[in-house]
Amino acid sequence: MKNTLLEIKNLKITYNSKDNTVEAVKGISFNVNKGETLGIIGESGSGKSSIAMAITSLLDNKAKISGEIIYNGIDITKLSEKEKNKYRWNKIAIVFQNRLEVLNPVLTIKEQIEETLKEHTNFSKEKIKNKIQSLLNMVGLDEIWINRYPHELSGGMRQKVLIAMAIACDPELLILDEPTCALDPISRNQIINLLKNIQSKNKFSMIIISHEISTIIKITSNIEVLYKGYILEEGLTKEVIKNPMHPYTRGLINSSPEVNPYHDLWGIPSNIKNKKNNGCVFYERCNQSIDKCFNNIPILEYVSLERKVACNRGGIVTVLEAKNINKNYKLKNKLIKACKNCNIDLKSGEIIALIGQSGSGKTTLANIISGYLKQDSGIVLFEGNKINKYEAIRQKKGIQMVFQDPFSSINENFTVENAIKEPLDILKIEKEEKRKDSVIKVLKNVQLPTDNEFINKKIYTLSGGQRQRIAIARSLIMEPKVLIADEISSMLDPSTKANILRLLKELQNKNGFSMIYITHDLTIARKIANRIFIMNDGEIIENGISTDIFNNPKCNFTKTLLKEGLFETI
Ligand code: SF4
């Protein structure tokens with residue numbers, strides 16, 4: 001394409017050593033257009049830095065490259081070392097991660113930049129002197145630092161020196177590896193603004209490699225999401241951050257404090273299942289894998305106009321959908337419209353909060369969704385299939401509900417063991433002798449004792465917090481894909497409430513189930529939910545991404561609710 005500066009085609013990078021071979025990059029392709037800033041994100045070990053080193057032809061002899069790196073129509077992987085040298089720094093420059101050892105400790109700032117210019121240009125002494133001056137001006141570094149050594153400079157200043165060195169030969173493509181890593185917020189913003197300003201003057205393209213999502217949002221227009229050498233998602237930065245479509249991308253974004261200022265942060269669990277596979281690289285950590293994923297490597301392909309995703313299921317799937325739900329009650333000749341044309345959807349691994357005042361219809365809707373109550377009209381789909389009555393709550397990997405009142409939701413004359421395994425007993429799931437093992441497993445999950453004394457205790461001897469944990473364990477024993485938690489902390493004291501919520505979020509993160517959290521407590525909703533649904537008088541009046549709803553509510557009712565609800569907490 002005419003506007004394309006760099007084309008990476010099926011790039012593979014393998015490191016060979018005596019003992020083993022590591023494939024760091026496994027056949028990736030992407031383009032960088034002229035003047036564009038592309039972001040590459042991914043956890044450590046995803047192959048980001050290897051790609052940068054390959055583009056700048058700086059990989060050492062142990063690395064073997066295949067595929068093409070086409071720069072302005074020329075495949076630079078096919079060039080001789082001498083020819084590659086003409087591209088390095090003059091056309092393609094790199095700013096390495098800002099560590100003290102990147103700069104030569106025995107050279108002053110002036111000497112460092114001078115060395116770069118001497119090596120890659122044939123400028124006269126006078127021209128070099130002037131160029132150093134103009135570069136320092138450009139990066140906003142005061143002249144007083146020119147004869148200082150790297151260790152005398154702050155992290156932000158050293159980053160400016162590295163940028164000055166990289167742009168010394170006026171490259172057309174600038175690659176920056178973690179440009180704002182370890183900088184304080186003021187220095188970080190200075191570097192971001194500096195890069196934007198220099199780019200608008202010099203018109204170069206940039207590739208920004210970073211694990212700092214805030215830097216990526218502020219400076220890049222497009223993004224590649226990398227995991228273990230594969231691109232798993234690609235698209236416009238703002239769209240991808242707002243609406244990630246691959247479970248891995250969502251995990252990365254959910255781990256970012258800048259994007260989720262109110263959430264407790266939970267990283268992507270390292271292994272949900274302990275099965276090595278030959279298929280999807282994210283299989284072991286994925287909460288929505290299917291059998292096909294075990295052997296089938298997904299291809300990065302378009303799922304919408306400007307979005308590509310590598311997933312056998314086309315990206316994050318919708319597990320639950322309630323469409324046009326209506327439910328009326330008759331009370332002494334009076335018609336109560338508990339649900340009015342309600343629509344709700346829940347994605348795999350997602351938490352949504354259903355917020356509303358008492359009597360707004362939340363619990364009715366939850367009971368309909370789980371199959372406890374029949375709607376007058378409308379349809380509920382679980383994994384794409386219509387739910388018939390109790391079907392979804394009577395199966396493993398279905399829907400489970402934890403109720404508000406831990407005192408009345410469990411028969412208090414049961415022992416702990418019998419209360420937890422009751423669903424398995426009733427539905428005759430698992431062999432009798434295996435059920436006790438399952439009880440022990442879920443008791444561990446909800447952080448309760450597993451000794452005989454405890455599991456033989458009667459429920460009525462337990463505290464409210466312990467009973468609520470038992471209620472959660474009872475649900476978990478069915479390994480639900482969807483857990484509906486109906487005001488589960490409202491009857492608990494603040495400390496027990498905090499412990500239960502933390503436990504629930506931890507379990508959700510670890511087990512990967514989706515959750516509908518029903519509450520009137522806005523602060524809790526803000527803390528745990530990805531999306532919010534606001535319900536009033538039987539209607540869902542507003543829904544959206546949690547930060548959007550809290551920062552920019554549209555409906556007057558939501559505005560009032562937030563004002564009152566959040567004010568109460570101050
Ligand atoms: S659903 Fe399958 S292909 Fe998609 S990310 Fe999960 S494991 Fe990979």
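Side-chain atoms are counted along with the backbone in the values below, which use heavy atoms only and exclude waters and symmetry mates. Start at 1 and go down the list; that is how both ligands and their atoms are numbered.
Take Tyr517 and apply the ring pair (Phe, Tyr, Trp, His ring centres under 6.0 Å) test, not counting sequence neighbours, and it matches no residue. The side-chain hydrogen bond (donor to acceptor under 3.5 Å, both in side chains) check on Asn277 picks up nothing, with sequence neighbours excluded.
With salt bridges taken as basic N to acidic carboxylate O contacts below 4.0 Å, one links Asp345 and Arg531.
Sorted by chain and number, the protein atoms of type N, O or S within less than 2.8 Å of atom 2 (Fe) of ligand 1 are Cys293 SG.
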Please report, to 0.1 Å, the donor-acceptor pairs under 3.5 Å made by any side chain of residues 40-51, with sequence neighbours excluded.
from, atom 1, to, atom 2, distance (Å)
Glu43, OE1, Arg285, NH1, 2.9
Glu43, OE2, Arg285, NH2, 3.2
Ser46, OG, Glu43, O, 2.8
Lys48, NZ, Gly42, O, 2.8
Lys48, NZ, Glu43, O, 3.3
Ser49, OG, Asp177, OD2, 3.1
Ser50, OG, Tyr15, OH, 2.7

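Side-chain rings of Phe282 and His246 approach one another, their centers coming within less than 6.0 Å.
Near His246, with a cut-off below 4.0 Å to any heavy atom, the atoms of ligand 1 are 5 (S).
In this model, a donor atom of one side chain and an acceptor atom of the other lie less than 3.5 Å apart for Thr180 and Thr215.
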